Amino acid sequence: LVFLLSACSLPDGTPSGDPCVQGNWVMPTGDLDILMATLVPLPNLRVTAGELLMSFDSEAFSYLSYGFILHIDMDEEQWMEATASFENTGTFFASEGEITFSSVGSESEISSWTGYDHGETITVPGSGPQLTFTLPGTTTYRCSDEYLELDSPHPTLGTIVYLFTRRP
């Protein structure tokens with residue numbers, strides 16, 4: 001998931017925005033699994049571990065995962081796994097239900113896919129499925145003390161909601 005957007009300030013040059021979005025937010029494994037199943041049209045794709053994190057500090061944001069496990073079942077005793085890690089950083093502006101991000105740095109990596117066949121580890125030929133996560137530059141959001149929801153239009157599914165909970 002990659003945010004590409006532009007930063008804003010008040011006319012006098014001071015930072016502005018909704019203080020509600022400030023702080024740390026997390027999308028736990030179960031919600032990430034549902035999101036991936038919705039976004040990625042690969043049969044039997046699951047997220048078995050890991051989470052997505054969003055952090056807002058004044059005008060800066062970080063959107064990242066230190067690694068979540070992607071798991072694709074082939075049948076009961078055959079599957080593939082890889083670890084997806086990424087970090088996007090930049091600036092943001094949030095006000096009146098709209099948030100805009102400016103990405104100034106982005107790194108992502110999906111490890112090589114490892115196959116498992118009837119209890120034995122095998123090398124998966126080629127690079128295996130690669131995934132890219134994107135969100136719009138400017139999007140609507142809803143924020144409370146407990147939840148942050150970001151809307152993302154999808155070309156065939158309508159609007160997808162990314163749901164984060166506040167992390168202390």
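Count residues from 1 along the sequence. Source: prediction; values computed, not measured.
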When you measure from the side chain of E146 to the backbone N and O of T165, does any donor-acceptor pair fall under 3.5 Å?
no
Heavy atoms of S65 and A84 approach each other most closely as OG-O, 3.9 Å
Shortest non-hydrogen pair, N24 vs S55, comes out as OD1-OG, 2.8 Å
Evaluate the side chain to side chain contact (heavy atoms under 4.5 Å, CB included) criterion for residues V21 and M54: first the C-alpha distance (whole Å), next the side-chain angles of each, then the deciding distance (0.1 Å), finally the verdict.
CA-CA 10 Å; V21 300; M54 287 206 73; over 6 Å; no
Please answer: with hydrophobic residues joined when any side-chain heavy atoms are less than 4.5 Å apart, are [X] and [Y] in the same cluster?
X: L70; Y: I122; value: no
X: L45; Y: M27; value: yes
X: Y63; Y: M36; value: yes
X: L42; Y: I34; value: no
X: I72; Y: L39; value: yes

- Kindly indicate, with the supporting measurements, whether the criterion side chain to side chain contact (heavy atoms under 4.5 Å, CB included) is fulfilled by H118 and Q78. CA-CA 6 Å; H118 296 87; Q78 293 179 320; 4.2 Å; yes
Looking just at side-chain N and O atoms, do T140 and D151 make a donor-acceptor pair shorter than 3.5 Å? yes
Would you find more than 12 non-hydrogen atoms of other residues, nucleotides or ligands less than 6.0 Å from D75 atom CG?
yes
Out of curiosity, [X] [atom1] to [Y] [atom2], how far, rounded to the nearest 0.5 Å?
X: F61; Y: Q22; atom1: CZ; atom2: CD; value: 13.0 Å
X: F68; Y: T29; atom1: CZ; atom2: OG1; value: 10.0 Å
X: Y66; Y: S85; atom1: OH; atom2: OG; value: 10.5 Å
X: L64; Y: N88; atom1: CG; atom2: CG; value: 8.5 Å
X: W25; Y: L163; atom1: CH2; atom2: CG; value: 9.5 Å
X: L53; Y: F164; atom1: CG; atom2: CZ; value: 8.5 Å

For residues 17-108, the disulfide (SG to SG under 2.5 Å) pairs (sequence neighbours left out) are C20-C143
Only one of Y141, F92, F93 passes ring-ring contact (aromatic ring centres under 6.0 Å, His included) with F56, and that residue is F92
In short, salt bridge (charged side-chain N to carboxylate O under 4.0 Å, His left out) pairs touching residues 158-168 with sequence neighbours left out are E51-R167
